[in-house]
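Below is one structure; the comments refer to it alone.
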Amino acid sequence: MTTPNTTVAVSTGAEAFLAQMRALGSVRFMFANTGTDHGPLIEAMAKTATEDPRDIRPIVVPHEQAAVSMAHGYYNVTQQPQMVLVHTLPGTANALGGIINAASANVPLFLVAGRTPITEGELRGGKSQNIHWRQESRDQGNVVREFVKWDYEIRTNQNLAAVVSRAYKIAMSEPRGPVYMSLPREWLAEALESTQVFAPDALSPASKTQADQASLEKAAEWLIAAENPLIVTKYLGRNPEAVRYLVELAELLALPVVQQLSYVNFPTDHPLYLGTQTIKYARNADVLFFIDTDVPWEPPSRNILRDGVKIIHLERDPLFTAIPGWGFPADLPVTGCSDVTLPALNALIRNRIAAGTVAKAKLDERRKKTEAEHQAMIRELDASIEAVKQQKPINPMWLSKCIGDAMDDTTIIANESVTSKLADVIRLNRPGSMFNTPLAGHLGWGLGAAIGIKLGAPDATVIAAEGDGAYMFSAPTACHFTAQKYRIPFLTVVYNNQAWNASVNAARGLFPDGVAARTRNFPGTDLSPSPNFELTAQACGAYAARVEEPAELADALAKALKVVREEKRQALLNVICKNPLA
Ligand SMILES: Cc1ncc(C[n+]2csc(CCOP(=O)(O)OP(=O)(O)O)c2C)c(N)n1
């Protein structure tokens with residue numbers, strides 16, 4: 001057992017808990033949605049808050065999913081886990097969607113909830129209000145247990161250092177993820193004199209897994225011998241430093257790369273980049289190397305691949321144990337974190353090249369062929385944009401192109417534009433410049449994420465790209481309120497197609513000749529009449545405008561971004577797009 005080594009004077013359990021969170025050293029923000037459980041914490045913050053910019057800053061967020069999304073966005077750009085404070089059972093329930101997203105994206109954060117008081121007059125802090133009986137659950141942690149790495153209800157203030165440091169180490173060890181702590185009000189209110197905290201250097205998470213030598217050698221051998229190899233990745237870019245190792249690997253052996261754009265995993269202007277359509281290229285591959293990809297191809301049948309294809313799958317858990325049903329085959333499932341495994345694989349391959357065992361002519365030929373395919377792909381994309389750029393209502397592809405053109409070297413996009421495929425259209429060459437809806441796809445992430453990104457990267461220009469459905473899921477009033485209150489400027493662009501197009505597409509895909517498709521009547525998918533989203537944003541001090549003319553998009557974006565950059569004020573563009581139901 002490690003011994004805590006610094007004594008901090010406190011007067012309550014709540015002060016002690018805050019002292020422990022401060023001692024972690026990485027928590028800058030507490031995205032807070034408080035309740036009757038938090039009296040001792042509110043008192044403690046009023047009393048112990050310092051002017052130190054490294055102190056934990058409470059940020060009021062009037063919806064819990066938005067608060068979790070802010071911690072998520074902040075982590076995406078800083079790799080530092082933050083704290084989300086929620087009210088007992090109801091706050092935990094409202095946070096759950098964000099937690100499901102964070103779990104799917106391996107985003108660590110501390111979800112901290114008051115625990116409805118347990119005692120009935122025996123202890124200070126016990127039940128005192130009506131709701132304290134009806135908000136009590138048998139097991140509060142059970143609400144989030146499937147989607148957090150670890151949950152714990154504080155049972156005494158004597159071991160807070162051990163509990164909080166354990167929460168940190170578990171959240172930050174791979175596979176990373178959210179953790180949950182519940183704080184009974186009786187313990188928060190308990191009188192204390194001091195608490196002992198760990199020094200930050202006693203908080204090392206467990207080391208990352210590097211693949212074993214035998215697997216690396218076999219992978220190298222297969223990739224070197226391949227005639228028609230393909231790399232596929234989806235979330236390698238969540239560690240932005242891993243991107244250069246992937247580029248190095250691709251260049252060493254002239255390996256074409258496709259990506260599912262959850263993150264920027266590979267520069268889209270790289271001549272070895274072949275876009276986002278996995279199966280188009282995977283069909284003909286003789287060696288497929290999946291790196292950090294949970295759903296390698298769709299539909300999940302091996303029959304659509306070439307006979308005899310060799311499949312390598314590198315992931316921290318290549319069996320995806322957390323997913324109940326997952327049946328993709330791999331001939332070489334390799335356990336390892338890509339950011340530490342790829343450098344080792346690259347070194348092995350470099351040695352073989354130096355030893356002259358790699359056929360250079362084959363690589364040169366493949367490099368040329370892939371570069372030609374890359375150029376053809378760009379021409380095809382440009383042509384499809386050209387074909388729709390004047391359409392009115394605005395085609396989402398044209399909107400995406402205009403957003404891409406408006407990006408500068410500091411722009412970061414939180415993309416929740418769902419079927420608009422923004423990420424397929426814009427050029428993404430900077431690791432960490434775009435974060436897509438988290439893998440679990442629990443909508444309502446985008447606005448909160450954008451705010452968290454801006455807090456974590458204050459010099460960035462941040463854009464939230466939202467479907468009109470996703471925008472409404474995002475608790476927009478709560479997010480615009482928080483952005484106004486703390487002067488967190490970012491631009492929201494709404495792809496307003498007045499529908500849940502994803503639901504329309506799903507129905508059409510299953511029943512292409514069905515009644516819904518034939519009659520263009522898709523019950524339960526229509527979002528018209530569309531609200532004036534401009535007014536929601538304006539109510540919170542934002543600059544907002546509606547755009548209906550395709551030719552006016554570039555100027556509208558430039559104007560809104562100027563407001564964001566120069567006036568440091570949030571902005572919203574409500575862009576009226578092609579309605580799939582019209
Ligand atoms: C919380 C939540 N509820 C419902 C869904 C199901 N869902 C997936 S996509 C989608 C439509 C989103 O609409 P919009 O943001 O307008 O994008 P579009 O599909 O029109 O491109 C819905 C409702 C979800 N993913 N998450």
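When a ligand or atom number is given, it counts from 1 through the structure's own listing order.
- A ring-centre distance under 6.0 Å is found for Phe320 and His313.
- Ionic pairing of Asp269 and Arg427 is present here: one or more N-O contacts between side-chain nitrogen and carboxylate oxygen are shorter than 4.0 angstrom.
- Here Lys559 does not pair with Asp555 in a salt bridge; the nearest charged N to carboxylate O distance is not below 4.0 Å.
- Within a 4.0 Å radius of atom 6 (C) of ligand 1, the protein contributes no non-hydrogen atoms.
- Looking only at heavy atoms of the protein, atom 3 (N) of ligand 1 is closest to Phe473 CZ, 3.4 Å.
- Summarising the contacts of atom 18 (P) of ligand 1 with Asn579, Asp468, Asn501, the nearest heavy atom is found in Asn501.
- Note that CG of Leu230 and CZ of Phe290 are 7.5 Å apart. Values are rounded to the nearest 0.5 Å.
- In summary, the aromatic rings of Phe533 and Tyr471 are positioned with their centroids under 6.0 Å apart.
- With salt bridges taken as basic N to acidic carboxylate O contacts below 4.0 Å, none links Lys389 and Asp382.
- Close to ligand 1: Ala499, with a non-hydrogen atom less than 4.0 angstrom away.
- Under the 6.0 Å cut-off for aromatic ring centres, Phe328 and Trp297 qualify, their centroids lying closer than that.
- Here Pro580 has no heavy atoms under 4.0 Å from ligand 1, in either its backbone or its side chain.
- At the shortest separation from atom 17 (O) of ligand 1 among protein heavy atoms lies Val418 CB, 3.5 Å.
- Atom 15 (O) of ligand 1 has as its closest protein heavy atom Ala470 N, 2.7 Å.
- For ligand 1, the atoms sitting less than 4.0 Å from at least one non-hydrogen atom of Thr419 are 18 (P), 19 (O), 21 (O), numbered in the order shown with element in parentheses.
- Residue-ligand proximity, Gly441 to ligand 1, at heavy-atom distances under 4.0 Å covers atoms 24 (C), 25 (N), 26 (N).
- Protein heavy atom closest to atom 13 (O) of ligand 1, with residue, atom name and distance, is Trp500 CD1, 3.1 Å.
- If you check which protein heavy atom lies closest to atom 8 (C) of ligand 1, you get Leu443 CD1, 3.9 Å.
- Between Lys392 and Glu549 there is a salt bridge, since at least one side-chain N of the basic residue sits less than 4.0 Å from a carboxylate O of the acidic one.
- Between atom 14 (P) of ligand 1 and the options Gly469, Ala502, Gly97, Ser417, the minimum heavy-atom separation is to Gly469.
- Backbone and side-chain nitrogen or oxygen atoms of Ser503 are examined, and none is located within less than 3.5 angstrom of a nitrogen or oxygen of ligand 1.
- Side-chain atoms of Ile170 and Lys149, non-hydrogen and from C-beta on, do get closer than 4.5 Å to each other.
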